[in-house]
Amino acid sequence: MQTVDNTQDQIEFDQRIEAEQKIEPTDYMPEAYRQNLIRQMSQHAHSEVIGMQPEGNWITRAPTLRRKAVLLSKVQDEAGHGLYLYSATESLGITRSDLIEALQSGAAKYASIFNYPTLTWADIGAIGWLVDGAAIVNQISLQRTSYGPYARAMVRICKEESFHQRQGYEIMTVLAKGSAEQKQMAQDAMNRNWWPSLMMFGPHDSDSAHSGKSMKWKIKRQPNDYLRQKFIDQTVPQIEVLGLQMPDLKLKWNEDNGNYDSGEINWEEFYQVINGSGPCNYQRIKHHKKAHKEGEWVREAVRAYQEKQTAKNQTNVA
Ligand code: FAQ
């Protein structure tokens with residue numbers, strides 16, 4: 001049973017959400033709000049970190065020194081995003097090791113898109129353009145999320161994602177205006193990444209388990225289908241500029257509602273991928289476990305340093 005104090009806390013929490021005030025780590029929050037934030041934010045952090053793998057795969061094979069330097073920086077940016085988001089999630093009272101354990105055991109998800117392979121250099125262009133493009137549409141909306149540390153992390157992350165999107169589109173522009181083979185590479189990579197990019201926005205609103213509560217608490221500010229449509233509407237003209245064929249023959253401007261109509265996502269594939277049976281799920285987690293194990297000495301060194309510092313400070317106080 002709730003105590004009187006707790007009821008008052010709940011009323012004040014609801015008022016703050018209503019008034020668009022941010023909830024901060026030391027503020028009262030209902031347990032279900034906290035858990036839902038941990039779920040979404042950690043999923044987001046895991047996505048940034050696992051998302052380094054498909055692109056990292058091309059660092060040694062980038063076609064020029066300039067492309068290599070840019071890709072290296074982009075992948076490092078994604079690591080940075082993962083770190084902000086893990087830190088922001090830890091402010092909800094969960095440890096980093098618990099978060100990593102949930103990723104590695106399959107209890108926590110990460111964006112389905114990163115379970116697809118990057119077959120050619122053009123996939124790097126398509127990821128920057130479409131995947132970062134879809135991520136920005138979602139994350140601009142999340143800049144107004146109700147949890148302060150998450151909202152602030154999103155502001156910085158969006159600035160960097162915006163650069164990533166442009167560098168991806170620039171790769172696509174060069175390929176689309178290149179030789180017939182390069183244009184075909186660009187076309188194939190766009191076709192491969194189009195549907196998985198649309199899946200990044202999650203299931204239809206009618207099938208979205210968390211949207212109701214997340215919208216009420218202003219963790220999510222706009223629903224999955226609205227954001228997906230926004231992404232489609234802004235991306236189709238970019239495909240036209242590239243001079244590529246549409247990846248979905250049903251894409252058609254609808255005068256009546258001012259949006260593009262489109263074909264249906266293969267939801268069976270979506271659920272297979274998010275439940276662990278996509279083309280690269282096994283490989284992604286296996287690689288994460290290996291890298292995490294190899295980094296144990298760094299974590300040990302940090303712990304030893306912290307212990308020494310604490311002992312030194314205690315001696316100084318005494
Ligand atoms: N993949 O009830 P909903 C990036 C799960 S960052 C996997 O609608 P919700 C940068 C969902 O978790 C990309 N799982 O869920 C980059 C839930 O399962 P659960 C990451 C998905 O949370 C670029 C279940 O389905 N961005 O790309 C997906 O209300 C290039 C039911 O779904 C974010 O994470 C999916 N696509 O809405 C990095 C943004 N969709 O948890 C490297 C923050 C749904 O109960 C290279 N997250 N699920 O086990 C969000 O905005 C939301 O969590 C949604 C899903 C919109 C993804």
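Keep in mind that what you see is a predicted model, and the values were worked out from it rather than measured. All heavy atoms count here, side chains included; hydrogens, waters and symmetry mates do not. Remember, it's 1-based here, ligands and their atoms both numbered in the order they're listed.
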Q: Would you indicate which of L227, N138, T145 comes nearest to atom 51 (O) of ligand 1 when only heavy atoms are counted?
A: N138

Q: May I ask you to identify, for H81, whether its side chain, its backbone, both or neither come under 4.0 Å of ligand 1 on a heavy-atom basis?
A: neither

Q. With a 4.0 Å cut-off on heavy atoms, is H164 touching ligand 1?
A. no

Q) Can the ring centroids of Y33 and F13 be said to lie less than 6.0 angstrom from one another? A) yes

Q) Nearest protein heavy-atom contact for atom 41 (O) of ligand 1: which residue, which atom, what distance? A) R39 NH1, 2.8 Å

Q. Judged by non-hydrogen atoms, does L142 sit under 4.0 Å from ligand 1?
A. yes

Q) Who's the nearest protein heavy-atom neighbour of atom 15 (O) of ligand 1, and how far? A) H210 CD2, 3.7 Å

Q: Please report which non-hydrogen protein atom sits nearest to atom 12 (O) of ligand 1, along with the residue it belongs to and the distance in Å to one decimal place.
A: Q43 NE2, 3.1 Å

Q | Sub-4.0 Å heavy-atom approach of A111 to ligand 1 | A | yes

Q. Which heavy atom of the protein is the closest neighbour of atom 49 (O) of ligand 1, given with residue, atom name and distance?
A. K109 NZ, 2.6 Å

Q: Could you check atom 46 (C) of ligand 1 against the protein and tell me its nearest heavy-atom contact, residue, atom and distance included?
A: E55 OE1, 3.3 Å

Q | Protein heavy atom at shortest distance from atom 25 (O) of ligand 1 | A | I274 CD1, 3.6 Å

Q) Any protein heavy atom sitting closer than 4.0 Å to atom 30 (C) of ligand 1? A) yes

Q) Is it the side chain, the backbone, both or neither of M200 that has a heavy atom closer than 4.0 Å to ligand 1? A) both

Q. Among A134, S208, S47, G202, whose heavy atom sits nearest atom 3 (P) of ligand 1?
A. S208

**Q.** F114 contact mode with ligand 1 (heavy-atom cut-off under 4.0 Å)
**A.** side chain

Q.
Yes or no: does Y271 have any heavy atom under 4.0 Å from an atom of ligand 1?
A. no

(Q) Quick test: of every protein heavy atom, which one is nearest to atom 37 (O) of ligand 1, and how far off is it to 0.1 Å? (A) K220 NZ, 3.0 Å

Q: Name all residues meeting the ring pair (Phe, Tyr, Trp, His ring centres under 6.0 Å) criterion together with W267; count only those two or more places apart in sequence or in a different chain, and write none if there are none.
A: H204, F270

Q.
Taking a cutoff of less than 4.0 Å between a non-hydrogen atom of the residue and any ligand atom, is M41 in contact with ligand 1?
A. no

